[in-house]
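Reading through the structure tokens given below for one structure.
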Amino acid sequence: PLLILAPFYLFGEQKPLKASFSRVINFQGNYTPPPPFVINIENDSLTAVQGESFVLKVKATGKTMPDDLYIKYDNKQHRLKNIENSLFEYVFAVVANDVSFQIFSDGTSTRQNLLKALPAPKVKDATIVLDYPKYTNLESNTITSLSNVSVPEGTKIIWNILANNTDSVAISFGNKKDYLVNLNNKFHYSKQFFNNVKYEVSTSNQYLKEYETVNLSVKVLKDEPPGIDVESERANELDQELFFFGYLDDDYGVSDLQVVYYPIGLPKQTKTVSAIPFDPKSLTFSHRFPGSTVLLEDTTYEIYFEVF
């Protein structure tokens, strides 16, 4: 035996002969032949998002292929689906927690594997508070969801978001990203708007970045100046008094109407007649000028109305 083994040692082929030699010497011991196939898990990672499904991919390789593969977990076993060329799949419909499992068939099995369930950063509840500017005379409004909004120019928007398994909530306006303030998993942010804008809200934790992403928009309704439509006629042929009547227009109501007058060419002598009565519902008005207003004799005046 020594003469036979020496050349094999020289050429590095001693292992197979050793194994055979060992079986010859240990003929009374138990010899376990290698399995006819090997079971390999093909997934790059055994991690799933909590509450979502996960597809397990398994492949068998060897001289003899199994007809079926089985998975065992939670004290139950299930058959894998044979896809093609000894490739099998099993779908975990909803991964609620970590799952310890083993794949087996015909006496061949894998070690115990662990499918890790990663907690997902999700929005549980959200409100958007619309704090309107004073000129609108509107009370604040609360929307109980993340949604697109149309607001008057100058409105302050406040986001309140309650999120589970969340380390941060980001809000992005174009290339500018900011983060909501976190107070015990309650996230807050506020901003005043003067122009239309599209933005994005996303949630993240240590495992999943920008997991939930919502694309939204703010449409800003520009504050147009109040409008006024005025007609006039002479009160009578013998008097210089003028009679004005007209209609006022504003998206958020009219607070005041006044007449401005001054001698032509002398705007520094401008005077006003304030608080001219008008109907707050129909926004119509009528006014006599000069009425009780005292004017200079033999003087021509420039006159116009202002609405607020």
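Within the 4.5 Å cutoff, the side chain of I228 has heavy atoms near those of the L257 side chain. Between Y261 and Y304 there is no side-chain heavy-atom pair separated by less than 4.5 Å. Residues I128 and T142 are not in side-chain contact: their nearest non-hydrogen atoms beyond the backbone lie 4.5 Å or more apart.
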Quiz item: Would F187 and N160 satisfy side chain to side chain contact (heavy atoms under 4.5 Å, CB included), going step by step from the backbone distance to the final call?
Solution: CA-CA 6 Å; F187 298 83; N160 299 305; over 6 Å; no

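Among residues at least two apart or in separate chains, ring pair (Phe, Tyr, Trp, His ring centres under 6.0 Å) pairs with a member in residues 143-168 are W159-Y189, W159-Y199. Applying the ring pair (Phe, Tyr, Trp, His ring centres under 6.0 Å) rule to pairs touching residues 93-117 yields Y70-F104, sequence neighbours excluded. Sorted by first then second residue, the ring pair (Phe, Tyr, Trp, His ring centres under 6.0 Å) pairs that include residues 109-134, not counting sequence neighbours, number zero.
Taking CD of Q50 as the start and CG of N97 as the end, the distance is 6.0 Å to the nearest 0.5 Å. Of the inter-residue distances, the one linking K177 atom NZ with S172 atom OG reads 5.0 Å to the nearest 0.5 angstrom.
Annotation: cation-pi pair K191/F173 present, NZ/CZ under 6.0 Å from the ring centroid and within 45° of its normal.
In terms of the salt bridge (charged side-chain N to carboxylate O under 4.0 Å, His left out) criterion, residue partners of K222 (sequence neighbours excluded) are, by chain and number, E153. By the side chain to side chain contact (heavy atoms under 4.5 Å, CB included) test, K116 is found to be paired with T47, D98, L118, residues two or more places apart in sequence or in another chain being considered.
T110 pairs with exactly one of V38, I71, N40, I39 by the side chain to side chain contact (heavy atoms under 4.5 Å, CB included) rule, that one being I39.
A donor-acceptor distance shorter than 3.5 angstrom exists from the side chain of Y301 to the backbone of L296, with no hydrogens or angles considered. Of the possible polar contacts, one joining the S255 side chain to the F308 backbone as a donor-acceptor pair under 3.5 Å is found.
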List the atom pairs, donor and acceptor, that lie under 3.5 Å between side-chain atoms in residues 84-96 and the rest of the protein, sequence neighbours left out.
{"unit_1": "E89", "atom_1": "OE2", "unit_2": "K57", "atom_2": "NZ", "d": "2.8"}
{"unit_1": "Y90", "atom_1": "OH", "unit_2": "Y73", "atom_2": "OH", "d": "2.7"}

